[in-house]
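Just so we're clear, the structure is a prediction, and the values are computed from it rather than from any experiment.
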Amino acid sequence: QVQLVESGGGLAQAGGSLRLSCVASGRIFGIDAMGWYRQAPGNERELVAVLPSRGSTNYADFVKGRFTISRDNAKNTVYLQMNSLKPEDTAVYYCNARINFAHYWGQGTQVTVSS
């Protein structure tokens, strides 16, 4: 069984920063891409950033220059550093990873940005 557990969400003011973490655990033989998605109330889940094991990082246009995704392969962990936060960044942020040739989701962590 593979699990993804996110942490680091919370409340921030506009212009502030938060750092999300996601740790993968369980019977892991290989991790390909790791990434972050978000879903605001009434909206569909959307890609924020994806970091493959090989190749270039993919960011959504609305976070370019503000968010940075990184990973620590030794710790099976992916991070999302979020700077210059805006109220429209308010959403539940979900970690997603392709592990052992299957996709897994975390339970989500709430990020709320006040104006």
Checklist entry - Is there a side chain to side chain contact (heavy atoms under 4.5 Å, CB included) between I69 and V78 once you walk through the steps? => result CA-CA 7 Å; I69 188 171; V78 63; 3.8 Å; yes
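In this structure, L51 and R71 approach most closely via the heavy-atom pair O-NH1, 3.0 Å. In plain terms, the two heavy atoms of A91 and A40 that are nearest each other are CB-N, 3.8 Å.
Every side-chain contact (heavy atoms from CB on, under 4.5 Å) that E88 has, sequence neighbours left out, goes to K86. Looking at residues two or more places apart in sequence or on another chain, you find a side-chain contact (heavy atoms from CB on, under 4.5 Å) between S17 and Q81, N83. Listed by chain and residue number, L18, L20, M82, Y93, V113 satisfy the side-chain contact (heavy atoms from CB on, under 4.5 Å) test with V111 (two or more places apart in sequence, or in another chain). Looking at residues two or more places apart in sequence or on another chain, you find no salt bridge (Lys or Arg N to Asp or Glu O under 4.0 Å) involving R19. Scored by the side-chain contact (heavy atoms from CB on, under 4.5 Å) test, V23 finds T77 as partners (sequence neighbours excluded). Checked against side chain to side chain donor-acceptor pair (under 3.5 Å), N43 has no partners two or more places apart in sequence or in another chain.
Distance check, rounded to the nearest 0.5 Å: CZ of R66 to CG of L85 gives 6.5 Å. The line from CZ of R27 to CD1 of I99 is 13.5 Å long, rounded to the nearest 0.5 Å. In this structure, CG in L47 is found 5.5 Å from CG in N58, a value given to the nearest 0.5 Å. To the nearest 0.5 Å, atoms CG (N96) and CG (L4) are separated by 7.5 Å. The CD atom of Q39 sits 9.0 Å away from atom CD of E46, with the distance rounded to the nearest 0.5 Å.
Note on residues 45-89: no pairs pass ring pair (Phe, Tyr, Trp, His ring centres under 6.0 Å), not counting sequence neighbours. Screening residues 105-115 for side-chain hydrogen bond (donor to acceptor under 3.5 Å, both in side chains) gives E6-Q107, Q110-T112 as the qualifying pairs, with residues at least two apart or on separate chains. Within the structure, every pair that satisfies the salt bridge (charged side-chain N to carboxylate O under 4.0 Å, His left out) test and touches residues 91-107, not counting sequence neighbours, is listed here: D32-R98. Evaluation of the disulfide (SG to SG under 2.5 Å) test over residues 15-115, restricted to residues two or more places apart or in two chains, returns C22-C95.
Residue F101 belongs to no hydrophobic cluster, having no ILVMFWY side-chain heavy atom closer than 4.5 Å to its own. Connectivity analysis of hydrophobic side chains (ILVMFWY, heavy atoms under 4.5 Å, direct or indirect) links V5 to nothing; its cluster partners are none.
Counting only heavy atoms from C-beta outward, the side chains of I31 and N73 never approach each other to under 4.5 Å.
Grouping the Ile, Leu, Val, Met, Phe, Trp and Tyr side chains by contacts below 4.5 angstrom, directly or via other members, places M34 apart from V50. A single hydrophobic cluster is not seen to contain both V92 and V48; linkage of ILVMFWY side chains at heavy-atom distances under 4.5 Å, directly or through other members, places them apart.
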